[in-house]
Student: 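Sharing a structure with you now.
Note that the coordinates shown come from a computational prediction; the quantities given were computed from them, not determined experimentally. When reading the values below, keep in mind they use all heavy atoms of this one structure, side chains included, and skip hydrogens, waters and symmetry mates. Order of the sequence lines fixes the chain letters, A, B, ..., with proteins taken first and strands second; residue numbering starts at 1 for each chain.
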Amino acid sequence: MTTTTPLHTISLLVRNKPGVLVRTALIFSRRGYNIESLVVSPAFDLEIEGYRSAPGEFSRMTITCSGDPVILEQIIKQLEKLVDVVHAIDHTGQEAIESEIALVKLKAGIKDRTEILQVAENFKAKVVDFAAESLILRVQGESDKLDAFIDLLKPFGVVELVRSGKILMARGLATT
Amino acid sequence: MSTRPPTGGEMVIRCLEREGVEVVYGYSGGAAMPMFDALIDSKIKFVLVRHEQGATHMADGFARASGKPGVVLVTSGPGATNTITGCLTALMDSVPMIVLCGQTISPMLGKDAFQEADVTGISYPVVKHSYLVKNSADIPRIMKEAFHIATTGRPGPVLIDLPKDVTQGPCTAPFVDEIRLPGYKIPGRCDAALLKKAAQLLSKSRKPLLYVGNGAVISGAGRAIQQLAEKLKAPIVNTLLGKGACPEDSPLNLGMLGMHGTAYANRAVQHCDLIFAIGARWDDRITGKVSEFCKDAVKLHIDIDVAEFGKIIQPDLSMPGDARLVVEDLLPLVGPCDTGDWWKELNGWRKAHPLKYPKKGGLRAQHVLDRLDKLGGRDCIITTDVGQHQMWAAQFCLTTKNRHWLSSGGAGTMGFGVPAAIGAAMATGKPAWAIVGDGGFQMTSCELATAMLQKVPIKILIINNRYLGMIRQWQELFFDNRLSGADLEGNPDFVKFADAFGMPAKRVRRAGDVDKVLKWAMAQKGPCLVEAEVVKEDNVFPMIPAGAGYDKMLIDRPKVRMDKPTGST
Ligand SMILES: Cc1ncc(C[n+]2csc(CCOP(=O)(O)OP(=O)(O)O)c2C)c(N)n1
């Protein structure tokens with residue numbers, strides 16, 4: 001395992017235009033920075049510079065990545081410089097609610113199931129597929145919690161894992 | 001009369017007219033034909049160049065000289081990719097430019113159609129913004145936005161990719177005047193509290209230095225900066241691109257700083273107690289070793305692009321805004337600094353280390369450029385190419401007027417000089433000297449045809465040292481004089497070359513003939529060319545090796561073996 005600097009979570013409000021994702025990604029890739037996770041989805045109606053947004057006009061992005069904080073500050077400024085980016089905020093060290101979903105597929109015969117279901121219950125994970133030789137569990141929560149959950153399941157034989165990537169919202173009335 | 005709606009192509013051209021565009025530089029091709037067809041019925045002048053890169057540098061020179069956006073029109077695929085170097089050049093030096101590219105018909109996008117290239121995709125890293133137009137109804141809005149984005153804030157190139165079905169089909173959408181670009185912020189005036197803080201910091205300084213860059217040229221801040229310098233009794237240094245914002249013949253001006261700056265400008269940088277960056281971005285050609293750059297000096301920074309604050313240097317005070325407005329607002333708040341001792345030091349350095357060059361041993365580029373300066377070069381626009389001649393021109397050809405010095409700084413694009421001079425002369429009607437090396441000249445020399453066709457008053461001065469001189473200099477100084485890929489054997493006879501285009505040309509080999517030939521060129525109404533055959537092996541000094549501190553400045557040829565430079569390129 002490589003030791004990495006702590007992950008930063010950056011939220012962006014962007015105009016929902018073709019290419020905005022590539023332009024955003026290029027700011028990271030030109031420095032050889034890797035995006036660890038990325039979530040993009042339509043933004044809810046919002047009021048911006050005195051206008052009410054049209055449906056589908058804006059999108060939200062949540063990006064996690066690691067790197068030198070000084071360089072990340074520069075990255076944020078360069079993201080904000082993009083014409084299609086309305087704002088970019090680094091939420092690291094800020095009060096924020098974060099969440100992620102994982103789907104975990106286990107190859108599990110009858111004898112392991114009780115134990116697996118016990119772990120699942122502790123993490124409020126749901127069985128979403130129940131087949132003769134396999135199960136799929138869905139778990140939701142902070143990324144650390146998902147890590148712990150997956151670690152506990154590893155001995156039972158995780159065959160597939162899909163994580164949604166982190167989403168985040170600033171607490172109180174602070175802007176995300 | 002039929003009342004058919006305009007085609008998309010006609011709409012593009014009408015939008016250009018509405019933006020006040022008078023000239024478009026370009027090259028035709030299948031995918032751009034509807035736009036070329038629409039040009040026939042327009043007042044806009046179209047200039048057919050000989051290579052699309054030339055079109056971009058002409059538009060760039062037009063824009064740098066006039067402040068108005070330059071416009072380029074090319075076809076898809078290779079036509080469009082040939083503009084990429086020009087886009088980079090414009091982006092790095094904040095030049096407003098619109099690049100219109102034909103594209104394959106939209107149903108064929110992504111299917112490897114003939115001359116299809118993902119030009120919008122290729123453009124991303126080299127433009128301020130770009131558009132792929134999928135619907136002709138978007139043309140008026142996109143054109144409006146593109147000009148707004150290219151010309152406001154920190155200017156830059158905007159590329160518009162126009163599929164042929166979009167430009168050939170009808171466009172019924174009305175013109176657009178309102179712009180809505182949420183998140184696109186343009187700083188204007190600076191906060192009063194920041195101005196007050198700046199005035200306080202300035203008042204405490206005994207050795208202030210104003211460091212003036214391209215932002216001052218673009219915003220026209222020169223007059224205000226000159227007044228600031230006079231009020232503070234502070235010296236001015238300028239970057240390569242800042243030349244001409246403030247008159248370089250002023251006693252307050254120490255000339256260019258940085259890698260090949262004057263020794264006295266660089267000593268001022270080394271010893272100042274406050275450095276005030278005005279529309280300058282602490283480029284690596286300026287800072288050398290960043291950790292040692294002005295270590296103990298207070299740093300103030302005005303920039304319209306907030307992403308410049310802290311990118312290289314963390315300033316003590318960041319002042320976002322338009323350089324002219326910020327300096328004008330600052331003026332009433334400042335008084336004279338106690339700079340008597342500082343000027344004694346500065347004048348000492350000026351006296352001890354003037355720019356100089358050997359007078360013996362053949363014709364020197366510096367002599368030619370010095371004479372050009374004295375024989376009226378200062379009243380002309382000067383463009384340069386990239387290399388030794390560029391640095392000598394920066395040192396010896398003083399710039400006293402804004403937008404009269406045009407050089408590719410950020411990108412350092414060889415081939416810029418000649419086409420940029422064509423664009424600049426067309427924009428202003430003024431004579432433009434293109435000072436170029438024998439290497440860079442040949443990169444865009446096909447544009448001699450364009451110069452002849454347009455009958456523009458450009459005067460090409462080739463500093464011919466039969467080498468890629470700047471490369472040879474580095475190899476001599478840092479690579480034990482092991483020359484590799486630096487010898488330009490195979491150069492044509494440049495006078496005959498010009499003659500083939502019908503361009504009057506003269507060659508000069510002796511210092512004694514320089515004045516005569518330059519005066520001859522000054523008297524030409526149309527394009528002409530002068531080839532100065534200079535000594536093959538000469539070096540630009542002063543020099544701060546890339547990545548070294550200011551204390552490592554070489555004022556003359558070093559006596560000891562030099563290590564390979566650690567800085568960028
Ligand atoms: C397009 C491009 N290719 C390569 C370079 C690298 N380069 C910088 S200066 C230089 C030499 C230029 O030679 P010349 O045009 O003869 O001018 P001189 O230095 O001799 O005055 C080269 C090759 C560049 N700046 N631009």
Side-chain angles (χ1 to χ4, degrees), chain A residues 10-33 42-61 67-90 175-176, chain B residues 88 91 94 106 109-110 118-135 138 141-142 145-150 152-161 178-187 281-282 290 303-314 318 320:
Chain A
I10 299 166
S11 72
L12 293 101
L13 180 66
V14 302
R15 302 209 299 156
N16 179 15
K17 299 271 178 188
V20 64
L21 183 57
V22 183
R23 289 184 219 264
T24 303
L26 281 171
I27 305 273
F28 292 86
S29 65
R30 74 182 284 205
R31 305 180 145 79
Y33 270 45
F44 189 67
D45 296 356
L46 47 117
E47 185 151 315
I48 193 159
E49 293 171 17
Y51 285 88
R52 197 84 217 149
S53 70
E57 193 180 346
F58 296 97
S59 296
R60 293 254 180 212
M61 282 190 199
D68 179 341
V70 178
I71 293 184
L72 281 170
E73 197 187 318
Q74 193 59 40
I75 285 180
I76 300 267
K77 286 185 193 165
Q78 292 189 338
L79 288 170
E80 291 218 301
K81 202 167 138 173
L82 293 173
V83 172
D84 286 337
V85 171
V86 180
H87 68 233
I89 301 169
D90 186 349
T175 308
T176 308
Chain B
L88 176 74
L91 180 75
S94 314
S106 44
L109 284 172
D118 175 9
V119 170
T120 314
I122 293 172
S123 77
Y124 289 146
V126 295
V127 293
K128 185 170 174 188
H129 199 53
S130 45
Y131 293 92
L132 171 61
V133 187
K134 293 288 291 289
N135 187 337
D138 292 333
R141 176 185 55 82
I142 288 176
E145 285 180 10
F147 274 85
H148 180 68
I149 291 167
T152 54
R154 180 173 183 173
V158 177
L159 181 142
I160 308 175
D161 209 8
E178 206 187 331
I179 291 158
R180 179 158 134 66
L181 290 169
Y184 180 70
K185 305 168 203 85
I186 310 165
R281 61 184 175 87
W282 321 95
V290 173
D303 212 300
I304 201 158
D305 176 1
V306 297
E308 290 300 343
F309 298 131
K311 185 182 77 179
I312 307 291
I313 293 281
Q314 191 60 54
S318 309

Student: Checking the side chain of B:H129 only, and the main-chain atoms of B:Y124 only, is there a donor and an acceptor separated by less than 3.5 Å?
Tutor: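 Pair absent, no side-chain N/O of B:H129 close to backbone of B:Y124.
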Student: With a 4.5 angstrom heavy-atom cut-off, which part of B:R180 approaches chain A: side chain, backbone, both or neither?
Tutor: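 Contact with chain A: backbone and side chain both.
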Student: When you measure from the side chain of A:Q74 to the backbone N and O of B:A307, does any donor-acceptor pair fall under 3.5 Å?
Tutor: yes
Student: Using a 4.5 angstrom heavy-atom cutoff, name the option from A:I27, A:V14, A:D84 with the most pairs to chain B.
Tutor: A:D84
Student: So which part of B:K185 gets closer than 4.5 Å to some heavy atom of chain A, the side chain, the backbone, both or neither?
Tutor: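 It is the side chain, since no backbone atom gets that close.
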Student: Pick whichever of A:R23, A:R15, A:E73, A:R30 has the most heavy-atom pairs under 4.5 Å with chain B.
Tutor: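 Among the listed options, the one with the most contacts to chain B is A:R23.
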Student: If I measure from the heavy atoms of chain B, does A:I48 come under 4.5 Å with its side chain, its backbone, both, or neither?
Tutor: both
Student: Most heavy-atom pairs under 4.5 angstrom with chain A, which of B:G183, B:P182, B:S130?
Tutor: B:P182
Student: The criterion is ring-ring contact (aromatic ring centres under 6.0 Å, His included); which residues satisfy it with B:Y184, sequence neighbours excluded?
Tutor: B:H148
Student: Please determine if B:E308 and B:K311 form a salt bridge, counting it only when a charged side-chain N lies under 4.0 Å from a carboxylate O.
Tutor: yes
Student: Tell me every residue that passes side-chain hydrogen bond (donor to acceptor under 3.5 Å, both in side chains) with A:D90, counting only those two or more places apart in sequence or in another chain.
Tutor: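 With sequence neighbours excluded, A:D90 shows a side-chain hydrogen bond (donor to acceptor under 3.5 Å, both in side chains) to A:H8, A:T92, given in chain and number order.
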Student: Measure B:E145 against the heavy atoms of chain A and call it side chain, backbone, both or neither at under 4.5 Å.
Tutor: side chain
Student: Look at B:D303 together with B:R281 and state whether they make a salt bridge at an N to O cut-off of under 4.0 Å.
Tutor: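 Salt bridge: no.
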Student: Check whether A:E57 gets within reach of chain B through its side chain, its backbone, both or neither, counting any heavy atom under 4.5 Å.
Tutor: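 For A:E57, side-chain heavy atoms alone lie under 4.5 Å from chain B.
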Student: Using non-hydrogen atoms only, which part of A:V85 is less than 4.5 Å away from chain B: side chain, backbone, both, or neither?
Tutor: backbone
Student: Using a 3.5 Å distance criterion without hydrogens, assess whether the side chain of A:E80 forms a donor-acceptor pair with backbone atoms of A:A88.
Tutor: yes
